[in-house]
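Written below as structure tokens is the structure these notes are about.
Hydrogens, waters and symmetry mates play no part in the numbers below; they use all other heavy atoms, side chains included. Throughout, protein chains are lettered first and strands after them, A, B, ... in sequence-line order, and every chain is numbered starting at 1.
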Number of protein chains: 2
Amino acid sequence: MNTASVPDEEPRWLDDEEQRIWRSYVHATTLLEDHLDRQLQRDAGMPHIYYGLLVGLAESPDRRLRMTELAMKAKITRSRLSHAIARLERNGWVRREDCPDDKRGQFAVLTDPGLEMLKGAAPGHVRAVRNALFDRLTPEQQKSLGEIMRIVAEGLQPDEAGADLPWLR
Amino acid sequence: MNTASVPDEEPRWLDDEEQRIWRSYVHATTLLEDHLDRQLQRDAGMPHIYYGLLVGLAESPDRRLRMTELAMKAKITRSRLSHAIARLERNGWVRREDCPDDKRGQFAVLTDPGLEMLKGAAPGHVRAVRNALFDRLTPEQQKSLGEIMRIVAEGLQPDEAGADLPWLR
DNA sequence: GTAAGAAGGTTTAAATTTGAAGCACTTAGT
DNA sequence: ACTAAGTGCTTCAAATTTAAACCTTCTTAC
């Protein structure tokens with residue numbers, strides 16, 4: 001069956017244009033992640049991904065989500081989430097709660113201070129995202145970017161629920 | 001003078017469509033980085049960025065580059081590079097050499113074993129990039145992606161040389 | 001019922017990243 | 001020359017990430 005790949009035969013290398021595209025992608029994403037990490041570390045004392053976790057909770061009913069759901073939403077491993085929530089808990093932005101239905105389960109809950117911090121940090125973050133991304137692109141480019149990224153994300157993540165990523169290992 | 005920004009006044013929030021675009025971006029980039037890191041960790045025993053460093057050296061005259069140049073090329077801090085090269089040196093893929101002209105300077109040099117390892121890992125990596133990205137996009141989308149990423153990268157990195165990033169802190 | 005296995009999360013140890021500090025050398029300016 | 005400032009790079013300690021191992025608590029299939 002050889003589902004893995006075809007480890008043999010000369011691969012189809014990237015041509016010059018593809019190389020340029022790929023490098024631009026790597027550079028842009030590296031620089032932007034870095035930029036946002038710094039912006040949020042400075043203004044909110046946490047990296048971008050942690051901020052995303054708080055946002056994820058803020059949007060959810062009762063400002064809470066099961067650990068695994070949050071991990072899926074943020075596209076990170078459960079292990080990484082576990083550490084992250086532990087840290088956010090130390091900061092008082094998040095609280096853990098047992099799940100009544102499933103004794104194994106845990107909820108991550110956004111606290112009031114957590115929500116406040118989010119409100120405080122959000123404006124600066126949006127500004128940063130606009131400055132670095134939206135303000136530099138035409139409406140067509142924005143639309144195109146959205147489609148492209150949607151395609152790539154879906155390709156790496158077999159449709160939402162049915163994800164056969166075990167949840168990310 | 002308040003050069004920083006305008007920390008005041010209600011910010012222009014992202015509308016629904018912008019939100020979708022931004023989230024797709026974050027998800028896709030997170031998943032792809034993760035995917036490539038795993039692929040390369042499995043096939044080459046190193047994360048994606050380390051692989052990029054070896055490629056950077058392989059392309060350079062004499063397979064060598066000054067630390068700072070390599071850091072710029074890879075868009076990472078000197079500190080991070082220092083650690084990375086130390087690790088690659090332990091693996092025997094890279095060797096450090098003093099710079100004759102400037103006694104402070106160091107060259108990172110790709111070794112023969114390093115080049116071999118690169119040759120061995122490259123096919124799988126290209127395949128992964130194609131599978132996840134190029135094969136899923138139309139030629140127009142690829143072109144658009146290239147333009148968009150070029151714009152974003154340039155925006156975050158005041159033209160190449162004249163970068164006023166001190167080199168990234 | 002119950003044992004085997006899956007699911008939900010956490011923990012451990014090692015690897016990597018970060019930001020600040022610290023050296024050693026260079027360069028500019030006097 | 002001579003010193004203050006700047007460069008180039010490394011190191012330190014703390015924070016984060018990773019993968020694997022490990023509990024518990026469900027679920028399933030006898």
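Under a 3.5 Å cut-off, the side chain of B:R136 and the backbone N or O of B:N131 do form a donor-acceptor pair.
Residues B:E69 and A:D102 both approach DNA chain D. Their nearest nucleotides, taken by heavy-atom distance, put B:E69 toward the 5′ side. In terms of position along DNA chain D, the nucleotide closest to B:G105 lies nearer the 5' end than the nucleotide closest to the other residue of the pair B:G105 and A:A84.
Between A:P11 and B:R130 the shortest side-chain heavy-atom distance does not fall below 4.5 Å.
For C:dG8, neither phosphate oxygen OP1 nor OP2 lies less than 4.0 angstrom from any side-chain nitrogen or oxygen of A:Q106. Remark: A:T68 is in phosphate contact with C:dG9, judged by side-chain N or O atoms under 4.0 Å from OP1 or OP2.
Separating the NZ atom of B:K103 from the P atom of D:dT10 is a distance of 18 Å, rounded to the nearest angstrom. What separates CE of A:M67 from P of D:dT25 is a distance of 17 Å, to the nearest Å. Per the geometry, CD1 belonging to B:I76 stands 8 Å off P belonging to C:dT17, to the nearest Å. As a whole-Å value, the separation of A:H48 NE2 from D:dT17 C1' is 17 Å. Rounded to a whole Å, the CZ atom of B:R38 is 13 Å from the P atom of D:dT17. The CG-C1' distance, from B:D98 to C:dA24, rounds to 12 Å in whole Å. B:L81 places its CG atom 16 Å from the C1' atom of D:dT7, with the value rounded to the nearest Å. Distance CD (B:Q39) to P (D:dA19): 13 Å, rounded to an integer number of Å.
In summary, B:D34 and B:R38 engage in a salt bridge, as defined by a charged side-chain N under 4.0 Å from a carboxylate O. Classification of A:R95 and A:D112 as a salt-bridged pair fails, no side-chain N sitting under 4.0 Å from a carboxylate O. With salt bridges taken as basic N to acidic carboxylate O contacts below 4.0 Å, none links B:E140 and B:K143. Between B:E116 and B:K119 there is a salt bridge, since at least one side-chain N of the basic residue sits less than 4.0 Å from a carboxylate O of the acidic one.
For the pairing with B:S60, the side chain to side chain contact (heavy atoms under 4.5 Å, CB included) check across B:E69, B:R66, B:K73 returns one residue only, B:K73.
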Nucleotide-resolved protein contact map, nucleotides 11-16 of chain C, B/S/- at heavy-atom distance under 4.0 Å: BB---S

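Residue side chain A:R104 reaches the base of C:dA7 through a donor-acceptor N/O pair under 3.5 Å, judged by distance alone.
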